[in-house]
Amino acid sequence: VCNSGYNGTIAAAVNAAGYTGTCVGILGLTSSTAAISATFIKQNWGGTPPNGLYWLKYASGSNIAFQAYIIFSRPDGPWVKAVQWNAGADMSVAGAVSAGGSWINAQVNLYPGKIATADINYLRGLTG
């Protein structure tokens with residue numbers, strides 16, 4: 001059974017679906033099970049995954065596992081939150097800004113941050 005240490009919303013959804021293993025083997029819930037894409041999570045979830053924090057790792061991007069907020073509830077998704085600008089934060093650096101910080105905890109909030117530019121460029125290539 002998943003515990004809330006991984007992600008309360010996602011763990012609750014996994015448990016409600018009757019999953020009896022541990023979260024460790026579920027795609028995207030830990031850094032060691034980082035998914036290759038949000039679409040891959042959606043295709044292999046067995047229904048619509050809940051919006052929330054997931055681990056991703058793009059081999060053609062930074063090739064470093066990172067957490068991102070993913071929106072699965074939209075019919076035209078999934079969507080990966082790549083950047084949130086606020087309070088004049090400098091987002092021009094190539095690396096991640098505030099990686100794993102509070103900016104990824106919700107679809108929209110007041111905290112600035114971004115995933116690595118290499119991962120943003122990879123996402124842009126996937127979506128046109």
Side-chain angles (χ1 to χ4, degrees):
V1 174
C2 291
N3 65 46
S4 60
Y6 288 101
N7 178 297
T9 303
I10 296 169
V14 170
N15 291 331
Y19 181 74
T20 57
T22 64
C23 282
V24 174
I26 299 176
L27 197 62
L29 294 189
T30 69
S31 60
S32 62
T33 62
I36 59 171
S37 71
T39 300
F40 192 78
I41 293 171
K42 185 175 182 177
Q43 290 171 341
N44 291 281
W45 188 268
T48 302
N51 297 343
L53 291 176
Y54 292 85
W55 286 88
L56 298 170
K57 183 177 180 181
Y58 300 136
S60 296
S62 67
N63 200 30
I64 297 170
F66 63 93
Q67 277 188 299
Y69 190 89
I70 303 177
I71 303 159
F72 290 104
S73 57
R74 295 185 46 93
D76 60 344
W79 291 93
V80 176
K81 182 177 180 180
V83 65
Q84 180 166 283
W85 185 82
N86 192 13
D90 183 7
M91 300 295 169
S92 65
V93 298
V97 174
S98 190
S102 296
W103 76 279
I104 61 172
N105 291 336
Q107 187 171 337
V108 177
N109 59 37
L110 298 177
Y111 303 100
K114 79 172 189 72
I115 63 176
T117 300
D119 295 318
I120 292 172
N121 290 338
Y122 178 73
L123 284 169
R124 290 178 62 205
L126 287 178
T127 59

Can you hop from Y111 to V108 via hydrophobic side chains spaced under 4.5 Å?
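Shared cluster, no.
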
Quick one: do W55 and L123 end up in the same hydrophobic cluster if we chain Ile, Leu, Val, Met, Phe, Trp and Tyr together by side-chain heavy atoms under 4.5 Å apart?
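They do not share one cluster, since no chain of ILVMFWY contacts under 4.5 Å joins W55 to L123.
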
If the condition is side chain to side chain contact (heavy atoms under 4.5 Å, CB included), which residues does [X] pass it with, not counting sequence neighbours?
X	result
I71	N51, Y69, S73, R74, W79, Q107
P112	N86, A89, M91
A68	L56, F66, V80

Just how far is it from atom [atom1] of [X] to atom [atom2] of [Y], taken to the nearest 0.5 Å?
X	Y	atom1	atom2	value
F72	T39	CZ	OG1	8.0 Å
Y122	N63	OH	CG	11.0 Å
Q67	T30	CD	OG1	10.0 Å
K81	L53	NZ	CG	9.5 Å
I64	K57	CD1	NZ	8.5 Å

side-chain hydrogen bond (donor to acceptor under 3.5 Å, both in side chains) partners of N44, counting only residues at least two apart:
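N44 satisfies side-chain hydrogen bond (donor to acceptor under 3.5 Å, both in side chains) with no other residue.
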
Closest heavy-atom pair and its distance - Q84, L110
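Heavy-atom minimum between the residues: NE2-N, 3.9 Å.
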
Which atoms form the tightest heavy-atom contact between S62 and A118, and what is the distance?
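Looks like N-CB, 3.8 Å.
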
Contacts table for residues 94-106: side-chain donor-acceptor under 3.5 angstrom, sequence neighbours left out:
{"unit_1": "W103", "atom_1": "NE1", "unit_2": "S98", "atom_2": "O", "d": "3.0"}

Close side-chain approach of I41 and I70, heavy atoms under 4.5 Å:
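Yes, at least one pair of side-chain atoms sits under 4.5 Å.
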
Is I36 close to Y58 at the side-chain level, that is, under 4.5 Å between some pair of heavy atoms?
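The answer is no, as the side chains (C-beta and beyond) never meet within the 4.5 Å cut-off.
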
Salt bridge (Lys or Arg N to Asp or Glu O under 4.0 Å) involving D90 - partner list, sequence neighbours excluded
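Checked D90 against salt bridge (Lys or Arg N to Asp or Glu O under 4.0 Å); zero matches.
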
Would a distance-only check, ignoring hydrogens and angles, find a side-chain to backbone donor-acceptor pair under 3.5 Å from K114 to V93?
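Yes; at least one donor-acceptor contact below 3.5 Å.
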
